[in-house]
Amino acid sequence: MTKIGLFDSGVGGLSVWRAVARALPQSDLVYFADQKYCPYGLRSQQEIRALAARITKFLVEQNCRVIVVACNTASAAALYFLRQQFPAITFIGMEPAVKPAARATRSGKIAVLATRGTLEGELFHHTRDEFARHVQALTVYPTDWVERVERGDIDSPETYASVRRVIEPLLDAGVDEIALGCTHYPFLAPAMENIAAGRASILDPSDAVAKQTARIVAESALPPTRNATLTYYTSGNVAEFGRVLEKLLGPQAAEIAFSPI
Ligand code: DGL
(Lines give C-alpha, C1' and ligand atoms only; values in the text may rest on other atoms or scores of the structure.)
Protein backbone atom coordinates (compact mmCIF):
# COMPACT_ATOMS: atom_id res chain seq x y z
CA MET A 1 0.00 0.00 0.00
CA THR A 2 1.47 3.35 -1.03
CA LYS A 3 1.71 6.06 1.56
CA ILE A 4 2.56 9.76 1.65
CA GLY A 5 5.45 10.68 3.91
CA LEU A 6 6.05 14.10 5.45
CA PHE A 7 8.98 15.22 7.54
CA ASP A 8 10.30 18.20 9.45
CA SER A 9 12.83 18.89 12.18
CA GLY A 10 9.93 18.75 14.63
CA VAL A 11 6.24 19.58 14.96
CA GLY A 12 6.29 22.50 12.46
CA GLY A 13 5.54 20.31 9.46
CA LEU A 14 2.23 19.45 11.10
CA SER A 15 0.96 22.73 9.62
CA VAL A 16 1.55 21.16 6.20
CA TRP A 17 0.34 17.75 7.37
CA ARG A 18 -2.96 19.37 8.40
CA ALA A 19 -3.45 20.83 4.90
CA VAL A 20 -2.47 17.55 3.18
CA ALA A 21 -4.82 15.54 5.43
CA ARG A 22 -7.64 17.92 4.45
CA ALA A 23 -6.83 17.69 0.72
CA LEU A 24 -6.38 13.90 0.72
CA PRO A 25 -8.65 12.60 3.50
CA GLN A 26 -8.39 8.97 2.38
CA SER A 27 -4.63 8.74 2.15
CA ASP A 28 -2.27 6.98 4.51
CA LEU A 29 0.07 9.57 5.96
CA VAL A 30 3.33 8.97 7.80
CA TYR A 31 4.80 11.97 9.63
CA PHE A 32 8.38 12.06 10.86
CA ALA A 33 9.53 14.65 13.43
CA ASP A 34 13.32 14.73 13.77
CA GLN A 35 13.14 16.26 17.22
CA LYS A 36 16.44 14.82 18.34
CA TYR A 37 18.14 17.16 15.85
CA CYS A 38 15.73 20.12 16.05
CA PRO A 39 16.28 22.95 15.21
CA TYR A 40 17.63 22.51 11.68
CA GLY A 41 17.82 26.29 11.15
CA LEU A 42 21.40 26.64 12.38
CA ARG A 43 22.82 23.39 10.96
CA SER A 44 25.08 23.18 7.92
CA GLN A 45 23.66 22.16 4.56
CA GLN A 46 25.78 19.04 4.62
CA GLU A 47 24.40 17.98 7.99
CA ILE A 48 20.81 18.63 6.89
CA ARG A 49 21.32 16.60 3.72
CA ALA A 50 22.56 13.64 5.74
CA LEU A 51 19.60 13.89 8.17
CA ALA A 52 17.11 14.24 5.30
CA ALA A 53 18.55 11.23 3.45
CA ARG A 54 18.33 9.09 6.58
CA ILE A 55 14.68 10.07 7.14
CA THR A 56 13.83 9.52 3.47
CA LYS A 57 15.28 6.01 3.62
CA PHE A 58 13.13 5.28 6.66
CA LEU A 59 9.97 6.67 5.00
CA VAL A 60 10.65 4.63 1.86
CA GLU A 61 10.88 1.54 4.07
CA GLN A 62 7.41 2.46 5.37
CA ASN A 63 6.18 2.33 1.74
CA CYS A 64 6.07 6.07 1.14
CA ARG A 65 6.42 6.86 -2.58
CA VAL A 66 5.54 10.53 -2.35
CA ILE A 67 7.40 12.58 0.25
CA VAL A 68 6.61 16.12 1.29
CA VAL A 69 9.66 17.88 2.73
CA ALA A 70 7.48 19.82 5.19
CA CYS A 71 10.37 22.04 6.23
CA ASN A 72 11.68 25.08 4.38
CA THR A 73 15.16 24.72 5.82
CA ALA A 74 15.46 21.08 4.70
CA SER A 75 13.93 21.90 1.30
CA ALA A 76 16.47 24.69 0.75
CA ALA A 77 19.40 22.51 1.79
CA ALA A 78 18.45 19.08 0.51
CA LEU A 79 15.62 18.97 -2.05
CA TYR A 80 17.83 18.70 -5.16
CA PHE A 81 20.11 16.25 -3.38
CA LEU A 82 17.17 14.03 -2.35
CA ARG A 83 15.79 14.00 -5.90
CA GLN A 84 19.19 12.82 -7.14
CA GLN A 85 19.65 10.21 -4.44
CA PHE A 86 16.11 8.76 -4.59
CA PRO A 87 15.00 8.97 -8.23
CA ALA A 88 12.04 6.62 -7.73
CA ILE A 89 10.46 8.93 -5.14
CA THR A 90 8.43 12.04 -5.89
CA PHE A 91 9.44 14.88 -3.58
CA ILE A 92 7.44 18.00 -2.90
CA GLY A 93 9.32 20.83 -1.23
CA MET A 94 8.51 24.08 0.53
CA GLU A 95 9.64 27.58 -0.17
CA PRO A 96 8.55 30.95 1.25
CA ALA A 97 5.53 32.43 -0.55
CA VAL A 98 7.64 35.25 -2.05
CA LYS A 99 5.92 35.15 -5.43
CA PRO A 100 2.32 35.59 -4.17
CA ALA A 101 3.51 38.21 -1.67
CA ALA A 102 5.30 40.19 -4.40
CA ARG A 103 2.20 39.98 -6.60
CA ALA A 104 -0.23 41.05 -3.90
CA THR A 105 1.65 43.93 -2.28
CA ARG A 106 0.26 47.42 -2.78
CA SER A 107 2.85 49.19 -0.69
CA GLY A 108 5.76 47.59 -2.56
CA LYS A 109 7.10 46.20 0.72
CA ILE A 110 6.90 42.57 1.75
CA ALA A 111 8.45 40.62 4.61
CA VAL A 112 9.73 37.07 4.62
CA LEU A 113 10.00 35.28 7.96
CA ALA A 114 12.16 32.16 7.97
CA THR A 115 15.09 30.46 9.66
CA ARG A 116 18.62 31.68 9.09
CA GLY A 117 19.35 28.56 7.02
CA THR A 118 16.50 29.32 4.62
CA LEU A 119 17.24 33.05 4.33
CA GLU A 120 20.92 32.47 3.65
CA GLY A 121 20.30 29.63 1.17
CA GLU A 122 20.72 29.83 -2.57
CA LEU A 123 17.10 28.79 -3.21
CA PHE A 124 15.71 31.82 -1.39
CA HIS A 125 18.05 34.26 -3.15
CA HIS A 126 17.13 32.75 -6.47
CA THR A 127 13.36 33.02 -5.74
CA ARG A 128 13.73 36.58 -4.50
CA ASP A 129 15.72 37.62 -7.58
CA GLU A 130 13.26 35.96 -9.90
CA PHE A 131 9.95 37.08 -8.39
CA ALA A 132 10.54 39.98 -6.05
CA ARG A 133 13.06 42.22 -7.78
CA HIS A 134 10.50 44.99 -8.17
CA VAL A 135 9.57 45.12 -4.47
CA GLN A 136 11.43 45.67 -1.23
CA ALA A 137 11.69 42.37 0.64
CA LEU A 138 12.59 42.60 4.31
CA THR A 139 13.81 39.37 5.84
CA VAL A 140 13.52 38.44 9.50
CA TYR A 141 14.71 35.45 11.43
CA PRO A 142 12.62 35.25 14.63
CA THR A 143 15.01 33.66 17.11
CA ASP A 144 12.69 31.86 19.53
CA TRP A 145 9.58 30.92 17.55
CA VAL A 146 10.62 27.38 16.57
CA GLU A 147 11.39 26.50 20.20
CA ARG A 148 8.09 28.00 21.37
CA VAL A 149 6.06 25.96 18.86
CA GLU A 150 8.08 22.83 19.74
CA ARG A 151 6.92 23.29 23.35
CA GLY A 152 3.33 23.88 22.24
CA ASP A 153 3.65 27.39 23.65
CA ILE A 154 1.56 29.14 20.98
CA ASP A 155 -0.80 31.24 23.07
CA SER A 156 0.99 32.48 26.19
CA PRO A 157 1.43 36.23 26.82
CA GLU A 158 5.21 35.78 26.35
CA THR A 159 4.69 34.23 22.92
CA TYR A 160 2.26 36.98 21.96
CA ALA A 161 4.84 39.57 23.03
CA SER A 162 7.53 37.81 21.00
CA VAL A 163 5.28 37.82 17.91
CA ARG A 164 4.48 41.50 18.45
CA ARG A 165 8.21 42.34 18.67
CA VAL A 166 8.72 40.89 15.19
CA ILE A 167 5.51 42.00 13.45
CA GLU A 168 5.10 45.58 14.67
CA PRO A 169 8.34 47.00 13.23
CA LEU A 170 7.42 45.41 9.88
CA LEU A 171 4.02 47.11 9.90
CA ASP A 172 5.65 50.40 10.88
CA ALA A 173 8.00 50.00 7.91
CA GLY A 174 4.98 49.76 5.58
CA VAL A 175 4.98 46.03 4.90
CA ASP A 176 1.55 44.79 3.77
CA GLU A 177 2.32 41.13 2.90
CA ILE A 178 4.11 38.78 5.29
CA ALA A 179 5.27 35.46 3.82
CA LEU A 180 5.83 32.61 6.25
CA GLY A 181 8.94 30.68 5.28
CA CYS A 182 9.12 28.21 8.14
CA THR A 183 6.51 25.53 8.75
CA HIS A 184 6.51 26.16 12.50
CA TYR A 185 5.25 29.73 12.06
CA PRO A 186 1.65 29.06 10.89
CA PHE A 187 0.90 27.93 14.45
CA LEU A 188 1.59 31.52 15.47
CA ALA A 189 -0.53 32.94 12.64
CA PRO A 190 -3.54 33.70 14.89
CA ALA A 191 -1.31 35.99 17.00
CA MET A 192 0.23 37.53 13.85
CA GLU A 193 -3.20 38.13 12.32
CA ASN A 194 -4.42 39.75 15.47
CA ILE A 195 -1.46 42.14 15.55
CA ALA A 196 -1.46 42.84 11.80
CA ALA A 197 -5.26 43.12 11.46
CA GLY A 198 -6.17 45.35 8.52
CA ARG A 199 -2.54 46.34 7.88
CA ALA A 200 -0.93 43.21 6.43
CA SER A 201 -1.86 39.73 5.21
CA ILE A 202 -0.12 36.61 6.43
CA LEU A 203 0.76 34.14 3.65
CA ASP A 204 1.07 30.48 4.55
CA PRO A 205 2.05 28.20 1.63
CA SER A 206 0.63 24.98 3.21
CA ASP A 207 -2.58 24.88 1.19
CA ALA A 208 -0.70 25.38 -2.08
CA VAL A 209 1.66 22.53 -1.17
CA ALA A 210 -1.29 20.30 -0.23
CA LYS A 211 -2.97 21.08 -3.57
CA GLN A 212 0.22 20.21 -5.42
CA THR A 213 0.51 16.96 -3.44
CA ALA A 214 -3.09 16.03 -4.30
CA ARG A 215 -2.43 16.75 -7.99
CA ILE A 216 0.73 14.62 -8.02
CA VAL A 217 -1.03 11.74 -6.27
CA ALA A 218 -3.96 11.96 -8.73
CA GLU A 219 -1.65 12.04 -11.76
CA SER A 220 0.70 9.31 -10.61
CA ALA A 221 0.10 5.66 -11.26
CA LEU A 222 0.30 4.93 -7.54
CA PRO A 223 -2.20 2.42 -6.22
CA PRO A 224 -4.85 4.38 -4.32
CA THR A 225 -4.87 4.22 -0.55
CA ARG A 226 -8.16 4.12 1.26
CA ASN A 227 -7.28 3.36 4.82
CA ALA A 228 -6.58 6.90 5.99
CA THR A 229 -4.14 5.60 8.58
CA LEU A 230 -2.15 8.31 10.30
CA THR A 231 1.18 7.38 11.81
CA TYR A 232 3.68 9.64 13.53
CA TYR A 233 7.32 8.97 14.32
CA THR A 234 9.59 11.12 16.43
CA SER A 235 13.29 10.80 17.10
CA GLY A 236 12.59 12.68 20.35
CA ASN A 237 10.27 12.01 23.27
CA VAL A 238 7.03 10.20 22.29
CA ALA A 239 4.92 11.42 25.24
CA GLU A 240 6.02 15.02 24.73
CA PHE A 241 5.31 14.79 20.98
CA GLY A 242 1.82 13.47 21.77
CA ARG A 243 1.15 16.32 24.18
CA VAL A 244 2.23 19.00 21.70
CA LEU A 245 0.43 17.29 18.80
CA GLU A 246 -2.81 17.50 20.74
CA LYS A 247 -2.16 21.11 21.65
CA LEU A 248 -1.49 22.07 18.01
CA LEU A 249 -4.07 19.94 16.19
CA GLY A 250 -6.53 18.72 18.82
CA PRO A 251 -7.01 15.10 19.90
CA GLN A 252 -5.70 12.65 17.29
CA ALA A 253 -6.78 9.07 16.87
CA ALA A 254 -3.33 8.11 15.72
CA GLU A 255 -0.38 5.98 16.46
CA ILE A 256 2.82 7.67 17.68
CA ALA A 257 6.06 5.70 17.75
CA PHE A 258 9.66 6.33 18.64
CA SER A 259 11.78 6.32 15.52
CA PRO A 260 14.35 3.57 15.44
CA ILE A 261 16.74 5.68 13.31
N1 DGL B 1 10.17 23.98 10.34
C2 DGL B 1 11.42 24.22 9.72
C3 DGL B 1 11.29 25.10 8.50
O4 DGL B 1 10.28 25.09 7.86
C5 DGL B 1 12.62 24.66 10.49
C6 DGL B 1 12.68 24.73 11.94
C7 DGL B 1 14.07 24.45 12.45
O8 DGL B 1 14.91 25.36 12.51
O9 DGL B 1 14.30 23.28 12.73
O10 DGL B 1 12.23 25.77 8.13
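Order of appearance sets the numbers: ligands from 1, and atoms from 1 within every ligand.
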Open item on the list: Are any of the N/O atoms on D8, whether in the backbone or the side chain, positioned under 3.5 angstrom from an N/O atom of ligand 1?
Closed with: yes
Open item on the list: Counting C-beta onward and ignoring hydrogens, is there a side-chain heavy-atom pair between D8 and W17 closer than 4.5 Å?
Closed with: no
Open item on the list: Within the 4.0 Å heavy-atom shell around T115, which atoms of ligand 1 are there?
Closed with: 5 (C), 8 (O), 10 (O)
TODO: Taking the side chain as every heavy atom from C-beta outward, state whether V163 and Y160 have any pair of such atoms under 4.5 Å apart.
DONE: no
Open item on the list: Quick check against the 3.5 Å criterion: does S75 have a side-chain atom that pairs as donor or acceptor with the backbone of E95?
Closed with: no
Task: Proximity of P39 to ligand 1 by residue part, where a heavy atom lies under 4.0 Å - done: both
Task: Contact check, C182 vs ligand 1, heavy-atom distance below 4.0 Å - done: yes
TODO: Considering only non-hydrogen protein atoms, determine which one is nearest to atom 3 (C) of ligand 1 and report residue, atom name and distance to 0.1 Å.
DONE: N72 N, 3.3 Å
Task: Minimum side-chain heavy-atom gap D34-R54 below 4.5 Å - done: yes
- [ ] Give the residue and atom name of whichever protein heavy atom lies nearest to atom 1 (N) of ligand 1, and the separation in Å to one decimal.
- [x] H184 ND1, 2.8 Å
TODO: Using the rule that two of Ile, Leu, Val, Met, Phe, Trp, Tyr join whenever any of their side-chain heavy atoms come within less than 4.5 Å, decide whether L203 and I167 are in one cluster.
DONE: no
TODO: Could you tell me the residue and atom name of the protein heavy atom closest to atom 5 (C) of ligand 1, and the distance to it rounded to 0.1 Å?
DONE: T73 OG1, 3.5 Å
Task: Nearest-contact summary for atom 7 (C) of ligand 1 - protein heavy atom, Å - done: Y40 N, 3.3 Å
Open item on the list: For a 4.5 angstrom cut-off between non-hydrogen side-chain atoms, does Q62 reach Y233?
Closed with: yes
Open item on the list: For R151, is there an ion pair with D144 - N to carboxylate O distance below 4.0 angstrom?
Closed with: no
Open item on the list: Counting non-hydrogen protein atoms only, what is the nearest one to atom 8 (O) of ligand 1? Give residue, atom name and distance.
Closed with: G41 N, 2.8 Å
